[in-house]
> 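Take a look at this one; I'll ask things after.
Just so you know, these numbers use all the heavy atoms, side chains as well, and skip hydrogens, waters and symmetry mates. Both ligands and their constituent atoms are indexed starting at 1 by order of listing.
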Amino acid sequence: MTWTKTAFTDRLGIEFPIVQAPMGGGISTPALAAAVSQAGGFGSLALSYVAPEAIAGEVAAVRSLTNRPFAANLFVYEPGTPTAEQLHRARDLLAPIRSDLGLAGEPDGPPPVRYNVDDQIAAVLDAGPAVFSFTFGVPKAGVLAECRRRGILTMGTATSLAEGLALADAGVDMIIAQGSEAGGHRGTFLHDFEEGMVGTFALTRQIATRVDRPVVAAGGIMDGRGIAAALTLGASAAALGTAFMLSPEAGTNAPHRRMLKSPQAANTAVTRAFSGRPARAIVNDQIRAARPMERDLPPFPVMIELTRDIRAAAIRLDRPDYIPLWAGQGAALARELPAAELLRALAAEVGAVLPA
Ligand SMILES: Cc1cc2nc3c(=O)[nH]c(=O)nc-3n(C[C@H](O)[C@H](O)[C@H](O)COP(=O)(O)O)c2cc1C
């Protein structure tokens, strides 16, 4: 028995139990997902910020580069409705930033919710990836049944034991244990975000001992030692997001790349400042400015729409203080390597730790 033979690799027929985690906002490109899958790992395509009618094209782009399996990922949630008070607080936070960036005016009223999640799910199922992975919630029973009918495996995100058990009860095939170290949004859906701030070690072990299906550990895993630790704790695979953000195939913007390589990469925090939903990013001015009003900001996805023009301008003007610099707590260990090379390095490192 070698470390490469796990319930996860068996289920998907792949070589290594190493997942490139989905990263929205154009970071996990089709080229990145394809490179990882082609190298024997498991790539993921994040589709939450993609219009339903554009989803088939993204999935086809991966298929044009590899015939190996990969995951298509969505946020599964009910959009929140902001109160007048929350919109007012957002204006307090964002007006000085807009003025600093030379942006005229501000959106009046809540912006429209851009994409319908049910339409996105229908597009993903029609595209027929090997795996439909998701976060922020559990798809309706009918969606899970339809996945089974079409032979699409499901993989859901848990940030607590309770969420892991809820996903297993719903019949989700594989459970991602997303520890509090993870970069990007918290997947929490069943309880307070604070209750979902469990470290990857504790969470992986708890879920792995209680559910009868493959567990994928995620959060702060950056090298072969981290992957070996996850497997030792009972995970069937490890998912790495931040570790792939410096790969040339990733869509990470230039200021974000620079910050990931800077000493500030070691200082991350969970913030609602960019999207209204807690997410981990490198600490910058927007996070600091939002601290007094964190809990009073409009909910996801309203806040992410309200900050759309700011993000675009800050990237264009090279102003990382107003960019969501998503990163996990291990960011300082990120390596700038082509994805296939990084995957081979990770596999060699695990092999050096875990006996064959
Ligand atoms: C830039 C970025 C974007 C992310 N976007 C998504 C997403 O669209 N869907 C999702 O399920 N998880 C998303 N995540 C969470 C990752 O899938 C994963 O849980 C996390 O990267 C693991 O922690 P690590 O970054 O420390 O490796 C994102 C993470 C990052 C860093």
> Mark up the atoms of ligand 1 that fall under 4.0 Å of a heavy atom belonging to Ala21, in ascending order.
16 (C), 17 (O), 18 (C)
> What residue and heavy atom of the protein are closest to atom 27 (O) of ligand 1, and at what distance?
Gly241 N, 2.8 Å
> Has Gly220 got any heavy atom lying under 4.0 angstrom from an atom of ligand 1?
yes
> Going by distance only, is there an N or O of Gln178 that falls short of 3.5 Å from an N or O of ligand 1?
yes
> Could you list which atoms of ligand 1 come closer than 4.0 Å to a heavy atom of Ala46?
8 (O)
> Show your working on side-chain hydrogen bond (donor to acceptor under 3.5 Å, both in side chains) between Asn73 and Ser44 and close with a plain yes or no.
CA-CA 7 Å; Asn73 170 271; Ser44 311; over 6 Å; no
> Would you mind telling me if ligand 1 is within reach of the side chain of Phe134, the backbone, both or neither, using heavy atoms under 4.0 Å?
neither
> May I ask you to check if ligand 1 and Gly24 share an N or O to N or O distance below 3.5 Å?
yes
> Which of the numbered atoms in ligand 1 are under 4.0 angstrom from any heavy atom belonging to Asn73?
7 (C), 8 (O), 9 (N), 10 (C), 11 (O)
> Any side-chain to backbone donor/acceptor pair from Thr204 onto Phe201? Under 3.5 Å, distance only.
no
> Who gets closest to atom 15 (C) of ligand 1 by heavy atom: Gly183, Gly25, Ala243, Ala182?
Gly183
> Please find the pair of heavy atoms, one from Val283 and one from Ala269, that lie closest to each other, and give the distance.
CG2-CB, 3.6 Å
> Tell me which one of Ile310, Thr307, Asn284 satisfies side-chain contact (heavy atoms from CB on, under 4.5 Å) with Tyr322.
Ile310
> Can a salt bridge be assigned to the pair Asp285 and Arg319 using a cut-off of 4.0 Å between side-chain N and carboxylate O?
no
> Decide whether a cation-pi geometry holds between Arg114 and Tyr49; the criteria are a distance under 6.0 Å from NZ or CZ to the six-membered ring centre and an angle within 45° of the ring axis.
no
> When you look for heavy atoms under 4.0 Å from ligand 1, do you find them on the side chain of Met23, its backbone, both, or neither?
both
> Of all the atoms in ligand 1, which lie at a distance below 4.0 Å from a heavy atom belonging to Gly184?
29 (C), 30 (C), 31 (C)
> Under 4.0 Å from a heavy atom of Ile27: which atoms of ligand 1 are those, numbered in the order shown and with their elements?
1 (C)
> Closer than 4.0 angstrom: is that true for some heavy atom of Phe75 and an atom of ligand 1?
yes
> I want to know if ligand 1 touches Ser48 in the polar sense, i.e. an N/O pair below 3.5 angstrom.
no
> For ligand 1, which part of Leu240 has a heavy atom less than 4.0 Å away: the side chain, the backbone, both, or neither?
backbone
> Among all protein heavy atoms, pick the one closest to atom 25 (O) of ligand 1 and tell me residue, atom and distance.
Thr242 OG1, 2.5 Å
> Where does the angle between the aromatic ring planes of Phe16 and Trp3 fall among parallel (under 30°), tilted (30 to 60°) and perpendicular (over 60°)?
parallel
> Anything under 30° is parallel, anything over 60° is perpendicular, the rest tilted; go ahead and classify Phe75 against Tyr77.
perpendicular
> So does Arg258 have more than 12 non-hydrogen atoms from other groups sitting under 6.0 Å from CZ?
yes
> Does a donor on one side chain and an acceptor on the other come within less than 3.5 Å for Thr271 and Glu294?
yes
> Could you tell me whether Glu181 and Arg186 make a salt bridge, using a distance below 4.0 angstrom between a side-chain N and a carboxylate O?
no
> I'd like to know if Lys140 pairs up with Glu78 as an ion pair, taking the criterion as any Lys NZ or Arg NE/NH1/NH2 lying under 4.0 Å from an Asp or Glu carboxylate oxygen.
no
> Using a 3.5 Å cut-off on N or O atoms only, is Met245 in polar contact with ligand 1?
no
> For Gly328, counting its heavy atoms only, list the atoms of ligand 1 lying under 4.0 Å from any of them.
26 (O)
> Checking contacts here: is it the side chain or the backbone of Pro22 that comes within 4.0 Å of ligand 1, counting heavy atoms only? Could be both or neither.
both
